[in-house]
Asks: 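Structure below; questions to follow.
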Amino acid sequence: MPQVFRTFVALDLSAGILKQAGSLIDRLRSTAAQVRWAHAGQMHLTLNFLGDVAVAGVTDVCQMVAEAAAQHTAFTVQVAGVGAFPSVDRPRVVWLGVTAGAEHVAALQRTLEAALEVAGFRPEERRFTPHVTIGRVKGLPRGDRTLADLLHREAACDCGKMPVGEVVVYSSTLSAQGPTYEVLSRARLQPAGT
């Protein structure tokens, strides 16, 4: 059994959004860019990355996440828009954005971050931007703009809406085939309308 879990907190994506994201990835694969595209089981919206958490501390982390999540009411998000960090013209990380509901995602993330910071987890230095990572660019042919052009063309891609009623604490195991994730706990938000 591992001594530590590489841990993060995330929102799962609906089957419909995963299907639309997969179709988008299929369209983006046609370029000569070397990209490690995410598989359906690897896509989620990360709220907080905690890094290595000792096995003995996982229960406490899960409890803190449950208490923080319970302060929020369920909401709906729309996953739409394609972009890249640091920019579409110099892509390193390809992502899907969040349009409707982004303010609710950001508020939930801030509550979680504040609760976890009390327990000693350092907040991210970068400002949180809700997004779903769908690819990591490993190399671009010199002068080739095909991926950038495709990203510009797909900028308005809409993968659909989904309800958000829980957050998930995951552990991540890295391998040459990519990461694999295991659910450590699920934390419910308050039902809408209560």
Side-chain angles (χ1 to χ4, degrees), residues 5-25 37-51 53 55 57-83 93-119 121 123-124 126-135 156-173 178-194:
F5 286 111
R6 188 170 184 268
T7 309
F8 65 95
V9 184
L11 302 179
D12 280 343
L13 302 177
S14 70
I17 287 174
L18 289 172
K19 183 177 180 185
Q20 291 298 320
S23 296
L24 170 66
I25 288 170
W37 296 107
H39 303 292
Q42 299 172 328
M43 284 188 261
H44 50 262
L45 197 162
T46 300
L47 298 171
N48 311 87
F49 179 74
L50 306 181
V53 175
V55 170
V58 168
T59 301
D60 290 341
V61 165
C62 294
Q63 181 63 37
M64 285 182 273
V65 169
E67 290 169 5
Q71 297 175 40
H72 290 265
T73 302
F75 55 92
T76 299
V77 296
Q78 183 159 21
V79 177
V82 179
V93 174
V94 181
W95 49 259
L96 288 168
V98 175
T99 53
E103 69 283 358
H104 295 295
V105 176
L108 176 59
Q109 189 273 341
R110 284 192 301 271
T111 301
L112 289 162
E113 186 172 73
L116 292 162
E117 188 175 7
V118 170
F121 294 98
E124 287 274 340
R126 290 178 297 209
R127 186 171 158 269
F128 175 73
T129 304
H131 69 280
V132 177
T133 297
I134 61 171
C157 176
D158 185 351
C159 290
K161 292 183 178 180
M162 68 172 200
V164 175
E166 68 178 12
V167 298
V168 185
V169 181
Y170 278 105
S171 70
S172 168
T173 304
T180 54
Y181 305 122
E182 181 182 338
V183 174
L184 298 177
S185 72
R186 295 181 182 276
R188 302 290 304 167
L189 277 61
Q190 293 295 324
T194 58

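We number each residue from 1, following the sequence as shown.
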Asks: How far apart are the closest heavy atoms of Trp37 and Ile134, and which atoms are they?
Replies: CE3-O, 3.3 Å

Asks: Establish, from distance only, whether the side-chain atoms of Glu67 and Gln71 form a donor-acceptor pair under 3.5 Å.
Replies: no

Asks: Rounded to the nearest 0.5 Å, how far apart are CG of Leu112 and CD of Glu117?
Replies: 12.5 Å

Asks: Can you name the residues that form a side-chain contact (heavy atoms from CB on, under 4.5 Å) with Ser172, not counting sequence neighbours?
Replies: Arg6, Phe8, Leu174, Pro179, Tyr181

Asks: Mind checking what makes ring pair (Phe, Tyr, Trp, His ring centres under 6.0 Å) contact with His104, not counting sequence neighbours?
Replies: Phe75

Asks: So which atom in Met64 and which in Ala115 form the shortest heavy-atom distance, rounded to 0.1 Å?
Replies: SD-O, 3.8 Å

Asks: Kindly compute the distance separating CG (Leu96) from CG (Leu45), expressed to the nearest 0.5 Å.
Replies: 9.5 Å

Asks: Mind checking what makes side-chain contact (heavy atoms from CB on, under 4.5 Å) contact with Leu18, not counting sequence neighbours?
Replies: Leu13, Met43

Asks: For Val82 and Cys157, work out which heavy atoms get closest and say how close.
Replies: CG2-CB, 3.7 Å

Asks: Which heavy atom of Ala187 sits nearest to which heavy atom of Ala66, and what is that distance?
Replies: CB-CA, 3.6 Å

Asks: Indicate the atoms forming the closest heavy-atom contact of Ser14 with Met162, along with that distance.
Replies: N-SD, 3.4 Å

Asks: Tell me every residue that passes side-chain contact (heavy atoms from CB on, under 4.5 Å) with Thr99, counting only those two or more places apart in sequence or in another chain.
Replies: Gln78, Ala80

Asks: Decide yes or no on side chain to side chain contact (heavy atoms under 4.5 Å, CB included) for Val61 and Phe5, but give the supporting numbers first.
Replies: CA-CA 11 Å; Val61 165; Phe5 286 111; over 6 Å; no

Asks: Just verifying a value: how many Å separate His44 NE2 and Asp12 CG, rounded to the nearest 0.5 Å?
Replies: 9.0 Å

Asks: Quick one: pull up CG in Asp158 and CD in Gln20 and give me the separation to the nearest 0.5 Å.
Replies: 8.0 Å

Asks: Quick one: are Val167 and Val169 in side-chain contact, heavy atoms under 4.5 Å?
Replies: no

Asks: Any chance you could measure Leu184, atom CG, to Thr7, atom OG1, to the nearest 0.5 Å?
Replies: 6.0 Å

Asks: Mind running side chain to side chain contact (heavy atoms under 4.5 Å, CB included) on Val105 and Phe128 for me, showing each step along the way?
Replies: CA-CA 10 Å; Val105 176; Phe128 175 73; 3.9 Å; yes

Asks: If you round to the nearest 0.5 Å, how far is CD of Glu124 from OG1 of Thr129?
Replies: 10.5 Å

Asks: Give the minimum heavy-atom separation between Ala69 and Leu108, together with the two atoms involved.
Replies: CA-CD1, 4.3 Å

Asks: Can you list everything that forms a salt bridge (charged side-chain N to carboxylate O under 4.0 Å, His left out) with Arg127? Sequence neighbours excluded, please.
Replies: none

Asks: Partners of Glu166 by salt bridge (charged side-chain N to carboxylate O under 4.0 Å, His left out), sequence neighbours excluded?
Replies: Arg186, Arg188

Asks: For Tyr170 and Thr46: C-alpha separation, side-chain torsions, deciding distance, then whether side chain to side chain contact (heavy atoms under 4.5 Å, CB included) applies.
Replies: CA-CA 10 Å; Tyr170 278 105; Thr46 300; over 6 Å; no

